[in-house]
Protein chains: 2
Amino acid sequence: MKVLNKETDYAVRALISLGMKPDGWVPAKAISDEQAIPYQFLRRILQELIRSGLVESKEGAGGGVRLGKNPADIGVAEVIEIFQGKVQVSECMFRKQLCSNRANCVLRHEIMRIEQMVNEEFSKVTIGKLIDDLKAVEALTK
Amino acid sequence: MKVLNKETDYAVRALISLGMKPDGWVPAKAISDEQAIPYQFLRRILQELIRSGLVESKEGAGGGVRLGKNPADIGVAEVIEIFQGKVQVSECMFRKQLCSNRANCVLRHEIMRIEQMVNEEFSKVTIGKLIDDLKAVEALTK
DNA sequence: ATTTCTGATACCAATTTAGTATCAGTTAAT
DNA sequence: ATTAACTGATACTAAATTGGTATCAGAAAT
Ligand code: FES
Ligand code: FES
């Protein structure tokens with residue numbers, strides 16, 4: 001059971017990469033090289049990040065992309081949602097036969113609790129936090 | 001992002017169904033009808049549940065399946081693992097470029113914390129608990 | 001004008017998912 | 001002894017998803 005797919009994975013890495021050099025426009029090519037992400041694939045991913053406002057872009061020579069929000073304000077949950085949609089345990093785990101009234105379904109409740117917990121936890125993991133941790137690790141291994 | 005696939009979904013429902021009539025052998029056909037699960041698909045799912053000991057079977061006429069463990073001892077986590085493998089956030093979220101030493105990776109740690117949390121929560125949701133909740137709901141709506 | 005970029009979109013192969021079909025063997029009942 | 005009701009095992013398939021590629025148009029800097 002894989003929680004994050006490649007798109008989300010790459011997106012997070014790209015965001016971290018951008019967050020670590022916060023001045024000026026960074027061309028997609030640079031990120032692609034640095035993070036070993038297939039260029040065209042990354043391009044498509046960046047475009048989605050741009051559409052959702054996490055990233056800003058500037059066309060033409062000397063252009064590129066940069067973060068559109070403070071790294072501390074970008075939670076991984078948000079990125080997951082862009083590329084994999086809202087966390088959903090199952091369309092409706094206990095359907096017709098087992099459970100006639102969705103509204104008061106105790107079971108569904110139980111499961112949605114977990115769903116929400118996961119979302120909260122993934123929201124707490126922000127790009128900013130990841131960058132900080134990363135810097136800490138780098139300092140240690142130097 | 002769909003957490004449970006059809007196999008897991010059907011498996012859980014089949015287990016609930018079995019847990020609610022705990023006496024004697026139940027033919028797959030009966031579960032298939034009751035839960036509106038495609039017969040052959042269910043058969044294959046049941047075979048995996050049998051292999052992993054959650055369900056026992058008896059061949060021949062008058063045969064069928066029944067739970068192999070106490071409903072209270074079957075956690076949904078266990079079922080998920082059978083059909084979707086262990087929860088794994090990402091092969092290695094921050095690879096070569098970003099993080100050279102997996103062993104002391106602070107970031108990875110962060111993510112694995114969530115992984116474990118999810119697993120624990122899904123372990124606490126047992127077939128027994130689901131059955132109890134289901135009965136409670138049924139009592140209310142009657 | 002030319003080079004360096006993004007925007008948009010169409011395409012593709014490989015894998016996974018959800019479901020079907022078949023045949024062999026076992027047990028119970030007649 | 002036959003037959004009917006079952007599981008065991010496994011092969012097959014269509015459709016969707018995933019991960020990745022390719023192309024072309026247009027914008028800005030030089
Ligand atoms: S499960 Fe669909 S509602 Fe109870
Ligand atoms: S991420 Fe692979 S180890 Fe830090």
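Letters A, B, ... are given to chains in the order of the sequence lines, protein chains preceding strands, and every chain is numbered from 1.
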About how many Å separate CZ of R13(B) and CG of L42(B), when rounded to the nearest 0.5 Å?
10.0 Å
Salt bridge K86(B)-E115(B), side-chain N to carboxylate O under 4.0 Å
no
Which nucleotide in dT7(D), dT17(C), dA9(D) has an atom nearest any side-chain atom of K2(B)
dT17(C)
Quick one: do E34(B) and K21(B) make a salt bridge, cutoff under 4.0 Å?
yes
Side chain of A28(A) (C-beta onward), nearest among dT6(C), dT21(D), dG8(D)
dT6(C)
May I ask you to say whether K69(A) pairs ionically with E78(A), meaning some side-chain N is under 4.0 Å from a carboxylate O?
yes
Rounded to whole Å, the CD1-P distance (I45(B) to dT10(D)) equals 18 Å
OP1, OP2 of dG8(D) versus side-chain N and O of S57(B): anything below 4.0 Å?
yes
Taking for each residue the nucleotide of DNA chain C with the nearest heavy atom, is it R44(B) or Q40(B) whose nucleotide lies nearer the 5' end?
R44(B)
Can you check the Y39(B) OH to dG8(D) P distance for me, whole Å?
10 Å
Heavy atoms from C-beta onward define the side chain here; which of dG19(C), dT6(C), dT7(D) lies closest to that of R43(B)?
dT7(D)
Taken to the nearest whole Å, CD/Q84(A) to C1'/dT18(D) is 11 Å
Who passes side chain to side chain contact (heavy atoms under 4.5 Å, CB included) against A72(B), sequence neighbours left out?
N70(B)
Taking N or O atoms only and anything under 3.5 Å, show me the protein contacts with nucleotides 26-30 of chain D, one pair per line.
unit_1, atom_1, unit_2, atom_2, d
dA28(D), N3, A61(A), N, 3.3
dA29(D), OP1, K58(A), NZ, 2.5

To the nearest angstrom, how far is L49(B) atom CG from dA9(D) atom P?
14 Å
Looking at Y10(A), does any N or O in its side chain come under 4.0 Å of the phosphate oxygens OP1/OP2 on dG19(D)?
no
Verify same cluster id: M20(A), W25(A) (apolar side-chain graph, 4.5 Å)
no
Of the nucleotides dG20(D), dA9(D), dA8(C), which has the atom closest to the K6(A) side chain?
dG20(D)
When all nucleic acid strands are considered with a 4.0 Å heavy-atom cut-off, which category describes I50(A): base, sugar-phosphate, or nothing?
sugar-phosphate
Could you state the atom-to-atom distance from CZ of F41(A) to P of dA8(C) in whole Å?
18 Å
With heavy-atom distances below 4.5 Å as the criterion, would you say the side chains of V76(B) and L130(B) are in contact?
yes
In whole angstrom, what separates N5(B)'s CG from dT18(D)'s P?
13 Å
Please state how far atom CD in E48(A) lies from atom P in dT6(C), giving the value in whole angstrom units.
16 Å
What about Q47(A): does its side chain form a donor-acceptor pair under 3.5 Å with the base of dA8(C)?
yes
Can you check the D9(B) CG to dG19(C) P distance for me, whole Å?
10 Å
